[in-house]
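Letters A, B, ... mirror the listed sequences (proteins, then strands); counts begin at 1.
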Amino acid sequence: MNYLDELNDVQRAAVTTTEGPVMIVAGPGSGKTRVLTYRIAHLVQLGVDPFRILALTFTNKAATEMRERVEKIVGTEARNLYIGTFHSVFARILRYEASKIGYPSNFTIYDTDDSRNLIKSIVKEQGLNDSLYKPSIVHNRISSAKNGLMGPEEYQKDVNIIADDAASGRPKIGMLYELYAKRCFMAGAMDFDDLLYKMYYLLVKFPDVLFKYQNRFRYILIDEFQDTNFAQYSIVRKLGAVHENVCVVGDDAQSIYSFRGATIENILNFEKDYPDLKIFKLEQNYRSTKHIVHAANKVITNNRMQITKEIWTENHHGEKIKVLRAVSDNDEGKLIVDSIFEEKMRNQRMNNEFAILYRTHAQSRAFEEALRRLNIPYIVYGGVSFYQRKEIKDLLAYLRLTVNHFDEESLKRVINYPARGIGQTSVEKALLVANEKGKRLWEVLEHCHDYLPGNRSNTSISDFVTKIKSYALMLKTHDAYALAAHIAKTSGLLQELYNDKTVEGLSRYENLQELLNGIKEFSEKSFDADKDPIEQEWVTIDGEVLNEKQLDKSLGAYLQEISLLTDFDKKVDNDDRVMLMTIHSAKGLEFPCVYVVGLEENLFPNMMSLSSREELEEERRLFYVAITRAKHKLTLSFAGMRFRFGTPQYNDPSRFLEEIDPAVLDVAISHREFAASSHEEKFSKVTAPIRREPQYAHKPSADFAADDFNLIQNGMEVEHQRFGIGKVIHLEGSSKDKMATIFFQNNVGQKKIMLRYAKLRIVKKDLMGEN
DNA sequence: ATAAGTCATTTTTTT
DNA sequence: AATGACTTAT
């Protein structure tokens with residue numbers, strides 16, 4: 001077993017202590033993933049059947065990586081391991097056991113948008129004040145209730161919650177929760193939180209199901225344990241109750257998901273729940289330089305709540321940590337990108353050795369522009385996901401509706417898209433009837449002549465219903481791809497996009513093709529029974545031969561799989577590109593050169609997280625996560641001025657900069673000196689070189705007077721108040737509605753500008769080349 | 001009835 | 001800065 005020789009003493013002990021509850025406290029860069037994968041490999045080599053090992057992670061990426069690394073050691077047997085995210089593993093089990101809790105096995109998974117839209121319509125139906133009962137607020141309340149395993153009944157009885165909701169002036173949230181849950185159930189839909197909540201109740205209410213999975217999973221491993229919430233912990237506790245071979249790996253100092261219900265208390269509870277728990281602390285860091293490790297240690301001591309540990313390293317001291325002070329957000333972009341360029345030249349680095357980490361997605365813009373200017377390829381993770389795009393959601397809605405007719409959100413989305421003469425009024429009428437009679441929207445539409453006598457669009461509705469039913473009939477005879485392609489064509493979606501010859505329309509069309517290709521891959525992959533590990537899992541649970549072959553290559557299976565996928569999981573990062581992402585998405589990753597940007601008070605730590613000590617400490621842990629991603633070179637930056645909601649904001653440097661030992665910092669102008677200067681001096685320093693035109697909220701200034709969009713045509717050279725001189729590539733909209741979308745090309749690149757008034761000055765009416 | 005003008009909102013991180 | 005909701009002017 002020579003793979004054990006690669007480990008240090010603590011790591012080896014953590015790997016070989018296979019029996020009984022184990023907690024591994026793993027600092028950043030301490031070889032956590034290695035220990036986890038070796039532990040699984042070790043179990044397999046000891047003769048444990050891979051079918052009986054369950055490993056739960058937070059991201060699909062982590063799961064895939066783990067499977068691949070285990071496979072390298074133990075070979076093809078790794079296929080049979082049950083490795084996945086909490087959500088995907090539970091979705092799979094729920095899919096199989098669905099009938100027990102009254103769900104169809106092809107239940108829909110509502111994403112956040114679906115949930116919020118449903119809440120929005122419930123609030124409207126109830127005649128409540130929609131500015132008070134905002135979908136996001138109501139959804140958050142419901143979400144945290146579910147993550148705390150609290151159902152609608154308990155919610156409405158809980159004294160504290162009643163008091164909270166009354167205090168915030170929203171006493172009806174409990175009722176909304178109940179209605180929401182009912183509607184989801186009627187629609188055969190689960191939201192993200194239901195995947196945990198329903199899983200727990202499945203185990204509690206059906207002892208035979210609990211017994212089955214308890215016995216099946218002899219070894220359970222949990223990655224990123226500090227980020228589990230109460231529901232997840234409770235499920236694991238139940239599943240592990242027979243064999244008690246539960247191994248959790250985590251680092252309390254890297255807990256950054258409390259907004260999702262994660263609680264450090266799980267770590268404390270774990271010690272209480274398993275008195276004979278063995279704890280291993282991995283404190284040696286193999287990733288970063290001494291300077292970086294020192295800075296991280298120092299920063300985290302400002303937090304009160306933590307398990308004491310001292311991270312140390314044998315690595316070199318390395319370069320000092322550089323701090324850059326930028327004048328503005330755009331200036332910050334330039335400074336950072338210049339620095340990347342210089343470092344690339346000096347040390348012959350690849351683009352993918354660099355990562356720019358920020359607090360919020362909105363910060364990426366300045367860096368993208370600067371990178372494009374120097375022709376450095378880059379990739380932005382997160383942001384608007386592929387699966388969130390309108391065209392993608394439209395087709396998926398058709399597919400979802402085909403698989404599950406009761407899926408109300410999908411139904412509402414596509415019933416009149418492409419337009420077929422079924423207006424908002426008809427849908428609302430139908431919904432009203434449905435709620436009155438306790439029927440589903442689909443059922444009302446199915447028999448619209450009975451339920452909605454005299455409704456003008458009944459013929460269209462019937463045609464629509466017939467169409468969807470005809471798709472459903474094809475489920476049995478066609479594979480996922482053939483059906484999806486058929487639907488794209490015959491629903492009119494593809495035609496609609498094909499007719500749209502604009503740049504935007506073209507890219508939408510391409511996106512749809514890409515989705516179809518993805519489905520093709522899926523259906524080909526799943527029809528190859530020998531290659532699919534997932535299918536085998538289903539055949540062998542408990543020794544039963546499950547009649548699941550059809551199920552898992554179905555469209556329904558595909559839909560459930562991609563509902564839980566994010567862009568991060570989709571992209572392959574062997575491209576040579578500079579990586580831009582939020583710090584949250586960077587968790588678990590490492591890069592030779594890391595730039596942590598936007599270190600300003602109110603941005604990082606974020607304004608929204610300054611109301612309590614706990615929140616501030618979480619922001620600090622986030623900072624800790626950020627700086628410990630770096631292997632060799634770490635650079636921090638902040639901008640004195642930043643645009644937010646169209647108005648300039650002047651910020652102080654982040655308090656976190658103060659918390660780093662100055663001895664390891666390399667600052668051109670010390671942030672201390674900067675912070676110490678008077679308010680006026682500070683801002684004159686910061687803002688001096690910035691000269692901006694006054695901002696016009698509505699009316700263009702005299703120079704930019706072409707506020708009639710009819711005057712502007714393709715190919716014209718125009719000047720925009722902010723983006724400078726460029727060429728109009730494409731124009732949508734008209735002067736009639738005072739709004740237009742302009743595709744604008746300047747030396748930086750192509751830009752889409754949406755304007756209420758044309759803030760453009762015509763430079764040259766050159767229409768040459770435009771034919 | 002339509003066009004033009006005013007006002008309010010937006011405020012984080014993700015499975 | 002951008003946009004949806006709402007109000008006022010013609």
Rounded to whole angstrom units, what separation is found between the [atom1] atom of [X] and the [atom2] atom of [N]?
X	N	atom1	atom2	value
Tyr381(A)	dT13(B)	OH	P	18 Å
Leu565(A)	dT15(B)	CG	P	10 Å
Gln254(A)	dT13(B)	CD	C1'	16 Å
Asp329(A)	dA1(C)	CG	C1'	13 Å
Asn602(A)	dT12(B)	CG	P	14 Å
Ile583(A)	dT14(B)	CD1	P	11 Å
Ile562(A)	dT15(B)	CD1	P	15 Å
Phe643(A)	dA2(C)	CZ	P	11 Å

**Asked** With under 30° as parallel and over 60° as perpendicular, where do the rings of Tyr82(A) and Phe217(A) fit, or are they tilted in between?
**Response**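 Correct class here is perpendicular.
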**Rounded P spacing from dA5(C) to dT11(B) in Å** = 16 Å
**Request:** Would you state whether a donor and an acceptor, one from the side chain of Arg260(A) and one from the base of dT13(B), lie under 3.5 Å apart?
**Result:** no
**Item:** Under 3.5 Å side-chain donor-acceptor pair for Glu615(A) and Ser611(A)
**Value:**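 Yes.
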**Message:** Can you see whether Asn106(A) engages Arg95(A) through a side-chain donor-acceptor pair at a distance of less than 3.5 angstrom?
**Reply:** no
**Request:** Report the residue (Glu619(A) or Phe86(A)) whose heavy-atom-nearest nucleotide on DNA chain B is the more 5′ of the two.
**Result:**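 With Glu619(A) and Phe86(A) compared, the 5'-side residue is Glu619(A).
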**Prompt:** If you measure from the ring centre of Phe58(A) to the centre of the six-membered ring in the base of dT15(B), is it under 5.5 Å, with the planes under 30° apart?
**Reply:** no
**Prompt:** Taking the six-membered ring of Tyr133(A), is the NZ or CZ of Lys120(A) close enough (under 6.0 Å from the centre) and on axis enough (within 45°)?
**Reply:**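 The answer is no; the distance or angle limit is not met.
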**Item:** Arg260(A) charged N/C atom sitting above Tyr257(A) aromatic ring, 6.0 Å / 45°
**Value:**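 Yes - Arg260(A) lies over the ring of Tyr257(A), closer than 6.0 Å to its centre and within 45° of its axis.
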**Prompt:** If you check the Asn606(A) side chain, which of dT15(B), dT12(B), dT13(B) turns out closest?
**Reply:**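 Comparing dT15(B), dT12(B), dT13(B) against the side chain of Asn606(A), the answer is dT12(B).
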Distance below 4.0 Å between [X] side-chain N/O and [N] OP1 or OP2:
X	N	answer
Thr582(A)	dT14(B)	yes
His361(A)	dT14(B)	yes
Ser585(A)	dT14(B)	yes

**Asked** Within the structure shown, what part of the strands sits under 4.0 Å from Tyr257(A) by heavy-atom distance: base, sugar-phosphate, or nothing?
**Response** sugar-phosphate
**Request:** Report which part of the nucleic acid Ser88(A) touches: base, sugar-phosphate, or nothing (heavy-atom distance under 4.0 Å, all strands).
**Result:**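 Touches nothing.
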**Item:** From CA spacing to verdict: ring pair (Phe, Tyr, Trp, His ring centres under 6.0 Å), Tyr595(A), Phe367(A)
**Value:** CA-CA 11 Å; Tyr595(A) 293 82; Phe367(A) 301 98; 8.9 Å; no
**Fill in**
Rounded to the nearest 0.5 Å, the CG atom of Asp114(A) sits from the OG1 atom of Thr108(A) at a distance of 8.5 Å
**Asked** Has Gln126(A) got more than 12 heavy atoms of other residues, nucleotides or ligands less than 6.0 Å from its CD?
**Response**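 Count over threshold, so yes.
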Between the protein and nucleotides 9-11 of chain B, which nitrogen or oxygen pairs are less than 3.5 angstrom apart?
unit_1: dT10(B); atom_1: OP1; unit_2: Lys134(A); atom_2: NZ; d: 2.7

